[in-house]
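Report on the following structure.
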Amino acid sequence: MADPRALFDLSGRVACVTGASSGLGRRAADVLAAAGARVVGLARREAELSEWQAQHGQGAAQVVADLSDRAALPAIAEEIAAPFGAPDILVHAAGINTRQKADEVSPEGWDITLALNLTAPFFLSQALVPAMIEKGWGRIVNFASLQSHRAFPGGIAYGTSKGGVAQMTRAMAEAWSPRGVTANAIGPGFFPTELTKAVFEDPERARANAAQTCLGRNGTLADLDGPLLFLASEASSYVTGQILMVDGGFTAK
């Protein structure tokens with residue numbers, strides 16, 4: 001038997017992580033780099049992205065871009081491939097949650113939520129998948145959500161986008177996995193990030209969310225490492241079209 005640890009080794013692989021300037025995206029970029037991949041981090045905030053790149057040296061590159069601009073996505077895909085070649089691994093962690101109530105959702109809030117959370121992951125993947133197919137190996141990791149499965153107050157636009165991500169993941173697998181590209185999604189529970197700042201600033205709400213899980217606690221960034229590395233590596237070669245809920249059992253109760 002070969003060394004099982006080699007299944008998780010990303011040496012020689014190229015990865016791109018969107019939303020790499022903070023939160024779960026930055027953690028994902030760190031984990032893939034630590035596993036041996038050369039990583040292109042993509043985000044809108046140049047200062048934070050530059051700080052991340054400096055921590056990883058020559059094995060990291062950055063692309064500063066706004067993924068909500070659909071017309072710019074083909075050019076962004078070319079920028080992603082410029083530093084190290086076309087990526088083998090594509091992690092879609094960028095996202096937005098306007099937290100507008102159903103009666104207050106604005107057309108602008110709806111449009112940017114769908115554009116960033118759902119449209120960008122598809123069209124960016126569409127642009128980068130051909131190179132994966134040519135190599136016969138690729139990994140797409142989308143970010144779903146608790147709201148892919150459940151309705152939350154003030155989450156109709158976000159929940160709609162994340163429900164779409166779940167189905168898009170299955171459809172990506174149907175379309176591209178026969179040619180060597182797997183597509184899966186991570187569904188995070190409550191992790192302390194900028195998107196969930198309002199939740200964690202309310203101790204009572206944070207405790208209630210923790211109590212809803214089977215483990216009795218909210219997530220830490222380290223809880224993302226193993227699931228992400230699994231889905232991005234050879235270890236998950238026979239896994240595709242799946243939504244892996246990394247939520248401490250929140251959706252199991």
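When reading the values below, keep in mind they use all heavy atoms of this one structure, side chains included, and skip hydrogens, waters and symmetry mates.
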Measure from the side-chain N and O atoms of [X] to the backbone N and O of [Y], and report whether any donor-acceptor pair falls under 3.5 Å.
X: D111; Y: E108; result: no
X: T18; Y: A94; result: yes
X: D66; Y: R44; result: no
X: Q242; Y: T240; result: yes
X: R139; Y: S233; result: yes
X: S106; Y: G109; result: yes
X: T213; Y: G216; result: yes
X: N142; Y: H92; result: no
X: T193; Y: L24; result: no
X: S161; Y: L114; result: no

Do you reckon V239 sits in the same ILVMFWY cluster as V181, going by side-chain contacts under 4.5 Å, direct or chained?
no
Same hydrophobic cluster for V40 and L67, using side-chain heavy-atom links shorter than 4.5 Å among ILVMFWY?
yes
Ring-face cation of R179 near W137 (centre distance under 6.0 Å, axis angle within 45°):
no
With a 4.5 Å cut-off on side-chain heavy atoms, are P188 and D247 touching?
no
Would the number of heavy atoms belonging to other residues, nucleotides or ligands and lying under 6.0 Å from [atom1] of [X] be above 12?
X: E174; atom1: CD; result: no
X: E46; atom1: CD; result: no
X: R170; atom1: CZ; result: yes
X: R45; atom1: CZ; result: yes
X: K253; atom1: NZ; result: yes
X: Q167; atom1: CD; result: yes

Please report the interatomic distance [atom1]([X]) to [atom2]([Y]), rounded to the nearest 0.5 Å.
X: T113; Y: R99; atom1: OG1; atom2: CZ; result: 11.0 Å
X: L10; Y: L229; atom1: CG; atom2: CG; result: 5.5 Å
X: M245; Y: S145; atom1: CE; atom2: OG; result: 6.5 Å
X: N218; Y: F191; atom1: CG; atom2: CZ; result: 9.0 Å
X: M168; Y: T119; atom1: CE; atom2: OG1; result: 9.0 Å
X: Q55; Y: S50; atom1: CD; atom2: OG; result: 11.5 Å

Salt bridge (Lys or Arg N to Asp or Glu O under 4.0 Å) contacts in which one or both residues fall within residues 200-212, not counting sequence neighbours
K197-E201
Would you sort out whether V14 and I89 count as a side chain to side chain contact (heavy atoms under 4.5 Å, CB included), showing the intermediate values?
CA-CA 6 Å; V14 176; I89 302 160; over 6 Å; no
Tell me whether K101 is salt-bridged to D103, with the criterion being a basic N under 4.0 Å from an acidic carboxylate O.
no
Scanning both residues in full, the closest heavy-atom pair of A183 with A173 reads CB-N, 3.9 Å
Classify the ring geometry between W176 and F122 as parallel (under 30°), tilted (30 to 60°) or perpendicular (over 60°).
parallel
Checking side chain to side chain contact (heavy atoms under 4.5 Å, CB included) for the pair I156/Q100: CA distance, chi angles, key distance, verdict?
CA-CA 8 Å; I156 190 165; Q100 294 175 323; over 6 Å; no
For D223 and R217: C-alpha separation, side-chain torsions, deciding distance, then whether side chain to side chain contact (heavy atoms under 4.5 Å, CB included) applies.
CA-CA 11 Å; D223 292 320; R217 66 174 178 86; 2.8 Å; yes
